Amino acid sequence: MSQEIGQSSIDFAQDLTEVPSVLRYSDILKVGSPLADLQYHTLIPSNGNSYGPQQQIRIPFNVPTDSFCNLKGAYIKFRVNNTTASATGATTPGKIALDPFAGVGAIIDTWRIHSGTGALIEEIQHYNAIYALMTSLTPPAHTQSSLNIMDGTSEAALTQQSTCGAGSAGVVDEAARVSILRTKSKTFTHVPMSGLFQSDRLCPLGFASGTAYIEITLPQAATPFIADSDEASAVSWTISNVELHVPVLRMSPEFNNSFRGLLASGLPISWHSSSFHNVQTNIASGSVGNTTLTMATRKRSVKSVITMFRKSTDTNDQKVDSVSARKSLGITEYNYTIGGLKLPSKNVAIANTADNVDLGEVYANLVGCLSNIGNIYSSTAMNADTFIVADETGTVASKVAYALDLESYGSSSVQSGKNLANSGLPLNFECNLGSGTANMASSADVLVDCFLLHDVVYQLSGLDGNITSSA
């Protein structure tokens, strides 16, 4: 018996042997099939040329019939025009500056994609707020290089903090921020943080019925920018020269006929991605101690949940980085209750006193949502000095957000998040709010944004050619 086991072990080990790729000199580079012709298309809005605060930009996907779009390689290009009125006696009249972490991503308040029949495929409310957090969770080098060039984010990613007002704040730091002088313009390039755009599959928009389109809702005037403290006039701006640049692939007629034949058989074409869903609530002024926030959602596979807090009046204040000026609320412990189950079983504790600073568990849960715990090659634009600030009535804000990873099989290709679709119970965030200046909710109303990162399946129907999403 032992002899048979020994022989089986040898056979198994032999089956696992392979010549390393660095020694395989006979490998021949293969030709991609089917052959495809690549072209870059520039798509423009259908509802005007210039847009102001709280207006909408609609960009139709006018792509050739029988074509595929590489949306992961797409980007939006547009011009920001500073139309702020001059202020008498100001040293730098009318100058405005971009959010240090969201850059021009701050001008997208709501991101929507509609199918050719008008059905909603994707919606991310307060897109600018979650985008600011996601850029804060990227390595500082990425922020100060790629995002600085394309989005206009701050070069000083690690030490930069968002301005949160306190009366006279809002001075534009030209050394660290991208600013625009009055009557001047700057052009930026933004890569959409969208589930449909960030899918690893080509999108068969050229085979769909009708014309799908993007709908971008712009925020209030003072939300995306801050003005110099010596600026007496209200911030004013417009967006123009909007272009969506999309790589488009066209296959051979034989492949297109085969693909259409597959659709005609009634078999749907499906592909997977992940997107954000926003749920909002409020905390009333004067709130301290134990607090439970109840939010309703019905997503089938929630990969992670992220909760952030902003002072309600900050969201349209030209002296505040409205989308990235987050508050810690002096929270000393928190947990989530999802489908009646408390997660984690022991509350996440936070110690942030002069003689005892322990923010690591909160940070670990935040980066854990990106599967980055233990990755020695990853980093973020956060450190101990900027993650949580002690005085929330001051002039700088915290970078903190409270999060929890809910995915059973992280970094996998299966849907393994928490299923809230069939649950009659809500999503609760339970926390212990601090007191004094460490808790903004003790003296002001606070806006709560809860973002759910969830799996989504897009489907092209073979019966009517309509693109739908299932989440």
Side-chain angles (χ1 to χ4, degrees), residues 30-41 43 59-74 111-124 192 194-215 244 246-277 298-303 407-409 411-422 452-471:
K30 298 178 178 63
V31 178
S33 179
L35 294 175
D37 178 57
L38 172 65
Q39 185 54 268
Y40 292 89
H41 286 244
L43 311 180
I59 309 174
F61 286 104
N62 290 318
V63 298
T65 302
D66 294 353
S67 65
F68 294 83
C69 294
N70 176 17
L71 295 182
K72 199 164 188 176
W111 170 273
R112 294 186 182 94
I113 300 179
H114 296 265
S115 71
T117 60
L120 187 63
I121 298 177
E122 182 177 42
E123 179 182 53
I124 306 176
S194 156
L196 188 66
F197 274 68
Q198 295 306 313
S199 171
D200 288 330
R201 299 291 185 267
L202 297 176
C203 187
L205 288 171
F207 292 85
S209 299
T211 303
Y213 64 94
I214 298 170
E215 182 182 79
L244 173 63
V246 181
V248 176
L249 285 77
R250 302 193 70 178
M251 310 300 179
S252 65
E254 294 78 13
F255 177 84
N256 291 337
N257 292 335
S258 175
F259 192 79
R260 284 205 173 274
L262 182 65
L263 291 172
S265 69
L267 184 68
I269 303 299
S270 302
W271 65 102
H272 164 265
S273 186
S274 58
S275 183
F276 287 98
H277 174 64
R298 292 293 180 266
K299 297 301 179 183
R300 278 206 301 265
S301 179
V302 179
K303 300 158 73 75
E407 195 171 21
S408 299
Y409 308 112
S411 302
S412 69
S413 58
V414 299
Q415 294 192 45
S416 61
K418 284 290 182 181
N419 185 358
L420 303 182
N422 300 320
L452 307 174
L453 178 61
H454 62 89
D455 287 302
V456 57
V457 175
Y458 300 102
Q459 189 174 85
L460 173 62
S461 171
L463 298 177
D464 56 14
N466 190 34
I467 293 181
T468 58
S469 64
S470 175

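Quick caveat: nothing in here was measured; it's all calculated off a predicted structure.
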(message) Can you confirm whether K72 sits close enough to F197 that some side-chain heavy atom of one is under 4.5 Å from a side-chain heavy atom of the other?
(response) no

(message) In the structure I gave you, are the side-chain heavy atoms of L263 and I269 within less than 4.5 Å of one another anywhere?
(response) yes

(request) Output, in order, the C-alpha distance, side-chain angles, deciding distance and verdict of side chain to side chain donor-acceptor pair (under 3.5 Å) for Q459 and S270. (result) CA-CA 4 Å; Q459 189 174 85; S270 302; 3.2 Å; yes

(request) Could you check P247, C69, P64 and say which one makes a side-chain contact (heavy atoms from CB on, under 4.5 Å) with H41? (result) P64

(message) With a 4.5 Å cut-off on side-chain heavy atoms, are D37 and L249 touching?
(response) no

(request) Identify the two heavy atoms, one from L43 and one from N62, that lie closest to each other, and give their separation to 0.1 Å. (result) CD2-O, 3.5 Å

(message) Students often mix this up, so state it plainly: with edges at 30° and 60°, are the rings of F255 and F68 parallel, tilted or perpendicular?
(response) tilted

(request) Mark yes or no for whether Q198, through its side chain, and P192, through its backbone, hold a donor-acceptor pair below 3.5 Å. (result) yes

(request) Kindly compute the distance separating CD (E407) from CG (L453), expressed to the nearest 0.5 Å. (result) 8.0 Å

(message) Are the side chains of I214 and W111 in contact, using a 4.5 Å heavy-atom criterion?
(response) yes

(request) Report the distance from atom CG of L120 to atom CD of E215, rounding to the nearest 0.5 Å. (result) 8.5 Å

(message) Measuring from atom CG of L71 to atom CZ of R201, what distance do you get when rounded to the nearest 0.5 angstrom?
(response) 14.0 Å

(message) Does L35, at its CG atom, have more than 12 non-hydrogen atoms belonging to other residues, nucleotides or ligands within less than 6.0 Å?
(response) no

(request) Nearest 0.5 Å please: distance from the CD1 atom of I124 over to the OG atom of S275. (result) 4.0 Å

(message) Less than 4.0 angstrom from a charged side-chain N to a carboxylate O is my criterion; do D66 and R250 meet it?
(response) no

(request) Go through R300 and S470 one step at a time and tell me if the side chain to side chain contact (heavy atoms under 4.5 Å, CB included) criterion holds. (result) CA-CA 9 Å; R300 278 206 301 265; S470 175; 2.4 Å; yes

(message) Looking at every heavy atom in both N419 and A421, which two are closest together, and how far apart are they?
(response) OD1-N, 3.0 Å

(request) Report the C-alpha separation of N466 and S115 in whole Å, then their side-chain angles, then the decisive distance to 0.1 Å, and conclude whether the side chain to side chain donor-acceptor pair (under 3.5 Å) test is met. (result) CA-CA 7 Å; N466 190 34; S115 71; 3.2 Å; yes

(message) Check D455 with K303, please: is the shortest side-chain N to carboxylate O separation under 4.0 Å?
(response) yes

(request) Report yes if some heavy atom in the side chain of V248 is under 4.5 Å from a heavy atom in the side chain of L38; otherwise report no. (result) no

(request) Decide side chain to side chain contact (heavy atoms under 4.5 Å, CB included) for S469 and V457; before the verdict, give the C-alpha distance in whole Å, the side-chain angles of both, and the deciding distance to 0.1 Å. (result) CA-CA 6 Å; S469 64; V457 175; over 6 Å; no

(message) What I'd like to find out is whether the side chain of Y458 reaches to under 4.5 Å of the side chain of I121, using heavy atoms alone.
(response) yes

(request) Could you tell me the separation between the CG atom of L202 and the OG atom of S67, rounded to the nearest 0.5 Å? (result) 10.5 Å

(message) Aromatic contact between F259 and F207, with the criterion being ring centroids under 6.0 Å apart: yes or no?
(response) yes

(request) Using only heavy-atom distances, determine whether the side chains of S194 and E122 contain a donor-acceptor pair under 3.5 Å. (result) yes

(request) Side-chain contact test, heavy atoms from C-beta onward, threshold under 4.5 Å: evaluate it for I467 versus L205 and give yes or no. (result) yes

(request) Please name the pair of heavy atoms, one in R260 and one in G206, separated by the smallest distance, quoted to 0.1 Å. (result) NH2-O, 3.7 Å

(message) Tell me the closest heavy-atom pair linking S273 and G195, and the distance in Å.
(response) OG-O, 2.6 Å

(message) Nearest 0.5 angstrom please: T117 OG1 to D464 CG, how far?
(response) 7.5 Å

(message) So H272 and S199, do their side chains get closer than 4.5 Å, heavy atoms only?
(response) no

